[in-house]
Student: 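Here's a structure for you.
What you see below is based on every heavy atom in this structure, not just the backbone, and it leaves out hydrogens, waters and symmetry mates. All residue numbers in this chain count up from 1 along the given sequence. All figures in this text were calculated on a predicted structure; none of them were measured in a lab.
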Amino acid sequence: MSEKKLIIPKRIVCADANNSILKNHSVEVSGSRITAVKPFNKFSKKIFDGKVYEFPNLTLIPGFIQTHVHLCQTLFRGLAEDLPLLDWLKFKIFPFENALNKNSLRISAKLGINELLLGGTTTILDMGTLRNQEVVFEELADSGIRAFSGKCMIDQNELLPVFKSDSRDEINETFKLAKNFHQNNDGRINYAFAPRFVLSCSEGLLKETKELMKDFPGSLYHTHASENKNETEEVRKIFNKENVEYFDLIDVLDDHTILAHCVHLSDNEIKILKRKKVRIAHCPSANLKLGSGIAPIPKYLKEGIQVSLGADGASCNNNLSMFMEMRLASLIQKPVYGSEVLDAETIFRLATIEGAKSLHIQNETGSIELGKKADLVLINLDSSRHSLSEDDKDIYSDIVFASSSQNISDVMVDGKWLVRKGKSVNYDQEELVGTGKSQLKKLLERL
């Protein structure tokens with residue numbers, strides 16, 4: 001029988017439909033779920049028949065949800081600098097991923113998950129690499145994080161011809177992985193089919209992958225689109241269409257499709273995304289670092305397109321922090337659309353409940369409400385670098401613009417503590433770094 005927990009924070013930022021901010025309230029957790037959000041008084045903890053956790057100086061928020069990351073690239077942090085997308089892939093990332101073996105992939109996943117959890121991210125949509133995807137799933141399961149992931153599918157590759165696989169092998173291997181890992185660990189681990197992008201996938205692979213989803217309810221279709229102008233020019237040259245127009249033509253777009261980036265879309269493509277209810281994963285840091293551009297997120301939101309946030313990979317961002325993505329997602333739009341756009345409250349919702357909606361798990365997580373999974377984060381907003389105001393309206397600004405991963409104290413996923421007092425429960429930091437350095441050295445020797 002799982003321990004019952006009573007969490008008593010300074011306040012609770014719920015991210016529910018009313019954007020409730022509660023004071024003098026507690027959250028009761030039984031097993032993996034929130035069983036009560038109720039007013040608290042001095043007698044509450046005396047009569048509670050479980051363990052009481054008091055955090056008088058910490059704010060309780062929903063765990064962050066990142067809808068586009070590459071755990072397999074964490075090992076390459078700092079090794080692919082100052083390049084545009086296609087050169088970045090050709091000369092750095094594809095050769096690095098091609099050199100991954102099970103050991104290097106395992107430590108790369110561990111390093112990424114560790115960083116994400118320490119930064120308050122409790123759910124991710126991860127795109128794997130070409131080989132050994134079972135290793136990533138094993139680490140996701142062991143870590144306690146909530147995740148969608150899937151083998152990266154590539155059956156054509158002019159950028160690095162050795163980094164691809166036969167189309168039939170890609171489909172067969174993907175089906176086997178989905179069968180083994182979809183809806184595992186009481187639904188905490190799920191499958192996301194992941195054809196890399198238009199230029200690395202045949203039409204047959206893209207279409208047949210979409211068909212596979214019928215056998216796996218709740219799975220997702222996760223790919224890249226319109227990230228970089230050189231990429232979109234290549235797509236236009238080959239297909240005489242834009243990225244999204246091509247996806248629409250081959251019928252792979254619907255509300256379970258998540259497109260990372262969407263920096264360069266035509267008006268017609270925006271109409272298609274709206275009509276098909278496609279989700280966009282916005283990755284501002286990566287888009288800036290690779291010189292790809294700035295996605296017109298206010299325009300997408302105005303059209304009613306579902307948008308969420310992700311850090312992408314450590315090799316094109318150098319951080320996996322949702323705080324970095326939240327801050328940039330707001331600030332980069334203001335010179336273009338005005339200072340009032342993408343206010344802190346809106347951004348916080350993109351990082352929590354809107355991320356859950358993108359993944360179709362809004363009934364399970366993304367906000368602090370009765371019956372939802374206990375994916376919870378405690379953050380210190382009372383430091384000297386935060387607002388001294390106690391007004392509720394200043395909390396969102398404090399989280400989005402004044403906070404960092406260093407302000408995260410405790411993290412719970414599925415009712416289990418994974419971070420306590422800023423320290424990982426499952427990972428030894430020195431061991432991660434030592435193993436990571438050793439495996440990176442061996443990987444570079446294989447190039």
Student: Less than 6.0 Å separating the ring centroids of Phe348 and Tyr396?
Tutor: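 Yes, they do, as the ring centres are separated by less than 6.0 Å.
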
Student: Crowded around Glu430 CD? As in, over 12 foreign heavy atoms under 6.0 Å?
Tutor: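 Not buried by this count: 12 neighbours or fewer within 6.0 Å.
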
Student: Of Asp155, Val252, Leu206, which meets side-chain contact (heavy atoms from CB on, under 4.5 Å) against Pro195?
Tutor: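 Only one option passes, and that is Leu206.
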
Student: For Ser266 and Glu245, which heavy atoms make the closest approach, and how far apart are they?
Tutor: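 The pair with the smallest heavy-atom distance is OG-OE2, 4.2 Å.
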
Student: Could you give me the CA-CA distance, side-chain angles and deciding distance for Phe216 and Phe175, then say whether ring-ring contact (aromatic ring centres under 6.0 Å, His included) is met?
Tutor: CA-CA 10 Å; Phe216 302 97; Phe175 180 82; 5.5 Å; yes

Student: Can you tell me if CD on Glu158 sees more than 12 non-hydrogen neighbours from other groups inside 6.0 Å?
Tutor: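 Incorrect, the count does not exceed 12.
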
Student: Can you tell me if Lys229 has over 12 outside heavy atoms packed within less than 6.0 Å of its NZ?
Tutor: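 No, not enclosed.
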
Student: For Lys334, does the NZ atom have more than 12 heavy-atom neighbours from other residues, nucleotides or ligands under 6.0 Å away?
Tutor: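 More than 12 heavy atoms, drawn from other residues, nucleotides or ligands, come within 6.0 Å of this atom.
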
Student: Inspect the surroundings of NZ in Lys276 and state if more than 12 heavy atoms from other residues, nucleotides or ligands are less than 6.0 Å away.
Tutor: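 Yes, because the 6.0 Å sphere around NZ of Lys276 holds more than 12 heavy atoms from other groups.
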
Student: Just by modelled atom types, is the Asp414 backbone N or O under 3.5 Å from a matching donor or acceptor in the Asp375 side chain?
Tutor: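 It does hold such a pair.
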
Student: Hey, are Arg236 and Glu242 close enough for a salt bridge, meaning a charged N less than 4.0 Å from a carboxylate O?
Tutor: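 Salt bridge present between Arg236 and Glu242.
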
Student: Ion pair present between Lys151 and Glu170, side-chain N to carboxylate O less than 4.0 angstrom?
Tutor: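 Here Lys151 pairs with Glu170 in a salt bridge, since their nearest N and O are under 4.0 Å apart.
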
Student: With heavy-atom distances below 4.5 Å as the criterion, would you say the side chains of Asn317 and Lys289 are in contact?
Tutor: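 Of all side-chain heavy-atom pairs linking Lys289 with Asn317, none is under 4.5 Å.
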
Student: Any heavy-atom pair between the side chains of Asp254 and Lys277 that's under 4.5 Å?
Tutor: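 No, too far: nothing below the 4.5 Å cut-off.
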
Student: What do you reckon, are the aromatic ring centroids of His282 and His68 less than 6.0 Å apart?
Tutor: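 When the ring centroids of His282 and His68 are compared, they turn out to be at least 6.0 Å apart.
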
Student: Out of curiosity, Ser367 OG to Gln362 CD, how far, rounded to the nearest 0.5 Å?
Tutor: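 Rounded to the nearest 0.5 Å, the OG-CD separation comes to 9.5 Å.
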
Student: Of Gln66, Arg146, Glu115, which is the lone residue that meets side chain to side chain donor-acceptor pair (under 3.5 Å) with Thr121?
Tutor: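 Among Gln66, Arg146, Glu115, the one meeting side chain to side chain donor-acceptor pair (under 3.5 Å) with Thr121 is Gln66.
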
Student: Might you point out which heavy atoms bring Leu100 and Cys72 nearest each other, and give the distance in Å?
Tutor: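 What the structure gives for the nearest pair is CD1-O, 3.9 Å.
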
Student: Between Arg196 (side chain only) and Ala194 (backbone N and O only), is there a donor and an acceptor less than 3.5 Å apart?
Tutor: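 No, the answer is negative, given that no donor and acceptor are paired below the 3.5 Å cut-off.
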
Student: Looking only at non-hydrogen atoms, find the nearest pair between Ile347 and Ala329 and report the distance.
Tutor: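 It is CD1-CB, 3.9 Å.
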
Student: Measure from NZ or CZ of Lys210 to the centre of the six-membered ring of Phe193, then state whether that distance is under 6.0 Å and the direction lies within 45° of the axis.
Tutor: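 Because its charged atom misses either the 6.0 Å distance or the 45° angle limit, Lys210 does not stack over Phe193.
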
Student: Is the backbone of Ser389 close enough, under 3.5 Å, to the side chain of Ser387 for a donor and an acceptor to pair up by distance?
Tutor: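 Yes, the answer is positive, given that a donor and an acceptor are paired below the 3.5 Å cut-off.
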
Student: So, are Lys207 and Glu211 salt-bridged, with charged N and O less than 4.0 Å apart?
Tutor: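 Salt bridge: no.
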
Student: Quick check on Asp166: does its CG atom have over 12 non-hydrogen neighbours (other residues, nucleotides or ligands) under 6.0 Å away?
Tutor: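 Above 12, so yes.
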
Student: Under the 3.5 angstrom rule, does the side chain of Arg279 hit a backbone N or O of Ile305 as a donor-acceptor pair?
Tutor: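 Side chain of Arg279 to backbone of Ile305: no pair is present.
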
Student: Is any NZ, NE, NH1 or NH2 atom of the basic residue among Lys237 and Glu234 found under 4.0 Å from an Asp or Glu carboxylate oxygen of the other?
Tutor: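 Result for this pair is yes, salt bridge flagged.
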
Student: If you measure from the Lys or Arg side-chain nitrogens to the Asp or Glu carboxylate oxygens, is any gap between Lys271 and Asp248 under 4.0 Å?
Tutor: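 Salt bridge: no.
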
Student: Could you check whether the rings of His224 and His70 sit parallel, tilted or perpendicular, using 30° and 60° as the cut-offs?
Tutor: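 Because their plane-to-plane angle is under 30°, the rings of His224 and His70 count as parallel.
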
Student: Is Tyr300 reaching over with its side chain to a backbone N or O of Ala295, donor-acceptor style, under 3.5 angstrom?
Tutor: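 No, because the side chain of Tyr300 does not come within donor-acceptor range (under 3.5 Å) of the backbone of Ala295.
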
Student: State plainly whether the residues Glu369 and Lys372 are in salt-bridge range, i.e. N to O under 4.0 Å.
Tutor: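 Looking at Glu369 and Lys372, the cut-off is met.
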
Student: For a quick check under 3.5 Å, do Arg385 and Asn407 share a side-chain donor-acceptor pair by atom type?
Tutor: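 No, no side-chain donor-acceptor pair sits under 3.5 Å.
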
Student: Do Arg446 side-chain atoms and Ala99 backbone N/O form a donor-acceptor pair below 3.5 Å?
Tutor: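 Between the backbone of Ala99 and the side chain of Arg446 there is a qualifying donor-acceptor contact (under 3.5 Å).
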
Student: Hey, does the side chain of Asp16 reach the backbone of Ser20 with a donor-acceptor pair shorter than 3.5 angstrom?
Tutor: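 At least one qualifying donor-acceptor pair exists.
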
Student: Minimum heavy-atom separation for Asn184 to Asn180, with atom names?
Tutor: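 Heavy atoms of Asn184 and Asn180 come nearest at ND2-O, 2.9 Å.
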
Student: Any chance you could lay out the side-chain contact (heavy atoms from CB on, under 4.5 Å) test for Met213 and Tyr191, step after step, and finish with the verdict?
Tutor: CA-CA 9 Å; Met213 293 178 65; Tyr191 205 86; over 6 Å; no

Student: Quick check on side-chain contact (heavy atoms from CB on, under 4.5 Å): which of Ile238, Leu159, Leu89 does Leu199 satisfy it with?
Tutor: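 Among the candidates, only Ile238 passes.
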
Student: Less than 4.0 angstrom from a charged side-chain N to a carboxylate O is my criterion; do Glu134 and Lys102 meet it?
Tutor: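 A salt bridge links Glu134 with Lys102.
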
Student: Checking Asn190 side chain against Ser219 main chain: does a donor-acceptor pair fall under 3.5 Å?
Tutor: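 Between the backbone of Ser219 and the side chain of Asn190 there is no qualifying donor-acceptor contact (under 3.5 Å).
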
Student: Output yes when a side-chain donor or acceptor of Asn132 lies under 3.5 Å from a complementary backbone atom of Val135, and no otherwise.
Tutor: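 It does not hold such a pair.
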
Student: When the ring centroid of Phe181 is compared with that of Phe148, is the distance short of 6.0 Å?
Tutor: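 No: the rings miss the under 6.0 Å criterion.
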
